[in-house]
Amino acid sequence: MAAEERSRSLPAGWPRSSKFVLSACAATAAELVTFPLDLTKTRLQIQGEAALKQHGTAPAVPYRGMVRTAAGIVQEEGLVKLWQGATPAVYRHIVYSGVRMVAYEQIRDSKLGKGDDETFPLWKAVVAGMTAGAIGQFFASPTDLVKVQMQMEGKRRLEGKPPRVRGVYHAFMTIVSKGGVRGLWAGWLPNVQRAALVNMGDLTTYDTVKHFLLRNTNLKDSMLCHSISSIFSGLVAATLGTPADVIKTRIMNQPRDKNGRGILYKSSTDCFMQAVRGEGLMSLYKGFIPTWMRMAPWSLVFWLTYEQIRRLVGVHSF
């Protein structure tokens, strides 16, 4: 009741404008807690890359599972390196999560979104989730490119290769100097495709499951309801997003010529075909376990934090 009274007393524009900030804060907390799993996932997705073998540049790195990869990073590079690339990752989520959350809610709450019975049909939720994710990721793609390249720096040093970047600012400047401003959006297409699929799993699943539980069970709009919904959303998001994530990671991590064009892959389709032909269909699910193990706690931390922050500042539940 008190939260509802505060919400009604707030200026009309405050709840809408604050959603960007609130979602960015929740995403930052979730990102920092689960980032080591993201680094492990990225390293696993690069291992055994067929295109590198064809170009004769594949290092003799043994295949390692999730636990051994994470332990190897700690032993060979140091514990702190599990958070290498966390800064651009946080920058990414400030943009990505802020935009996607605001966009989805605007679509859902508009006259085009809700049906005659004031519910949000599943097909509209799917379209809204994919659209919001694609828009958010397009704007955040440069920070994702920097994050992926920074995550691979420790591995490059162990392989005796010269470092490509020395920090976030240097990474941005290096990319721009080689490929211009357009170079910041290298790999944006598979990135956007992945974000659309992930948000069909994350936003759409969370919203649909949560309101299904509220309408059809005795659960209240509480942390238990939010937790159950987030568990489902993390699993669906990981299942739908992992193949596109593998393609995105490989395209972003590939070496480039002086004009900024990729040397290993011509396009996301070319990367997909090389992976399937050279490594098999299941190569598209490399890193699925750490992806899911990251998305599950990420989704849980994000949604619980987001819902509680909204409640604290007097903005109605998502």
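Note that the coordinates shown come from a computational prediction; the quantities given were computed from them, not determined experimentally. Scope of the values below: all heavy atoms of this structure, side chains included, with no hydrogens, waters or symmetry mates.
Residues Tyr306 and Arg310 bring a donor and an acceptor atom of their side chains to less than 3.5 Å of each other. Using modelled atom types, one finds a donor on one side chain and an acceptor on the other under 3.5 Å when comparing Gln137 with Arg92. Judged purely by distance below 3.5 Å, without hydrogens or angles, the side chains of Ser23 and Ser97 never pair a donor atom with an acceptor atom. Counted by atom type alone, Trp185 and Asp144 present zero donor-acceptor pairs between their side chains at under 3.5 Å.
Scanning for side-chain hydrogen bond (donor to acceptor under 3.5 Å, both in side chains) contacts around Ser141 gives Asn191, with sequence neighbours left out. Qualifying side-chain hydrogen bond (donor to acceptor under 3.5 Å, both in side chains) partners for Ser317, counting only residues two or more places apart in sequence or in other chains: Lys210, Asp221, Glu307. The salt bridge (charged side-chain N to carboxylate O under 4.0 Å, His left out) test applied to Glu31 returns Arg294, not counting sequence neighbours. Val74 meets the side-chain contact (heavy atoms from CB on, under 4.5 Å) test with Leu79, Leu82; sequence neighbours excluded.
Atom-to-atom distance recorded for Leu22:CG and Thr305:OG1 is 11.5 Å, nearest 0.5 angstrom. Summarising the geometry, atom CZ belonging to Phe318 is positioned 5.5 Å from atom CG belonging to Leu203; distances are rounded to the nearest 0.5 Å. Considering CG of Leu197 and CG of Asp245, their distance stands at 10.5 Å, rounded to 0.5 Å. Atom-to-atom distance recorded for Phe139:CZ and Arg100:CZ is 15.5 Å, nearest 0.5 angstrom. The CG atom of Leu219 sits 7.5 Å away from the CG atom of Leu214 when rounded to the nearest 0.5 Å. In this structure, the separation between CZ on Phe35 and CD on Gln84 is 8.5 Å, given to the nearest 0.5 Å.
Within the 4.5 Å cutoff, no side-chain heavy atoms of Thr204 are placed close to those of Met130. Using a 4.5 Å heavy-atom threshold, the side chains of Leu240 and Val198 count as separate. Residues Leu284 and Ile247 have side chains in contact (heavy-atom distance under 4.5 Å, counting atoms from C-beta outward). Counting heavy atoms from C-beta outward, Tyr206 and Ser299 have side chains that stay 4.5 Å or more apart. Counting heavy atoms from C-beta outward, Thr143 and Phe172 have side chains that approach closer than 4.5 Å. Side-chain contact between His316 and Arg311 is absent, with no heavy atoms from C-beta onward closer than 4.5 Å.
Applying the ring-ring contact (aromatic ring centres under 6.0 Å, His included) test to residues at least two apart or on different chains, none of the pairs has a partner in residues 210-237.
Listed for the Thr205 side chain is no donor-acceptor partner under 3.5 Å among the backbone atoms of Asp202. In this structure, the side chain of Gln274 engages the main chain of Leu264 through a donor-acceptor pair within 3.5 Å. Judged purely by atom type and a 3.5 angstrom limit, Thr242 has no side-chain atom pairing as donor or acceptor with the backbone of Thr239. The backbone N or O of Ser229 sits nowhere less than 3.5 Å from a side-chain atom of Trp303 that would complete a donor-acceptor pair. Ser283 contributes a side-chain N or O that, together with a main-chain N or O of Gly280, makes up a donor-acceptor pair within less than 3.5 Å. A donor-acceptor pair is defined here as one N or O able to donate and one able to accept, closer than 3.5 Å; such a pair exists between the side chain of Asn199 and the backbone of Ala195.
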Exercise. Any chance you could lay out the side chain to side chain contact (heavy atoms under 4.5 Å, CB included) test for Gln308 and Met223, step after step, and finish with the verdict?
Key: CA-CA 9 Å; Gln308 293 305 309; Met223 292 182 69; 3.5 Å; yes
Quiz item: Does the side chain to side chain contact (heavy atoms under 4.5 Å, CB included) test come out yes or no for Ser227 and Leu300, once each step is laid out?
Solution: CA-CA 6 Å; Ser227 298; Leu300 182 65; 3.8 Å; yes
Exercise. Please lay out, stage by stage, how Phe272 and Arg277 fare under the test side chain to side chain contact (heavy atoms under 4.5 Å, CB included).
Key: CA-CA 9 Å; Phe272 172 85; Arg277 289 172 181 168; over 6 Å; no
Exercise. For the pair Tyr104 and Thr131, evaluate side chain to side chain contact (heavy atoms under 4.5 Å, CB included) and give the outcome as yes or no after the intermediate values.
Key: CA-CA 8 Å; Tyr104 181 86; Thr131 302; over 6 Å; no
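Under a 4.0 Å N-O distance rule, the pair Glu279/Lys286 qualifies as a salt bridge.
Contact between Val102 and Phe20 at its shortest, heavy atoms only, is CG2-N, 3.7 Å. Considering every non-hydrogen atom in both Val99 and Gly136, the closest pair reads CG1-CA, 3.6 Å.
In this structure, Ile231 stands alone, with no Ile, Leu, Val, Met, Phe, Trp or Tyr side-chain heavy atom under 4.5 Å from its own, directly or through other members.
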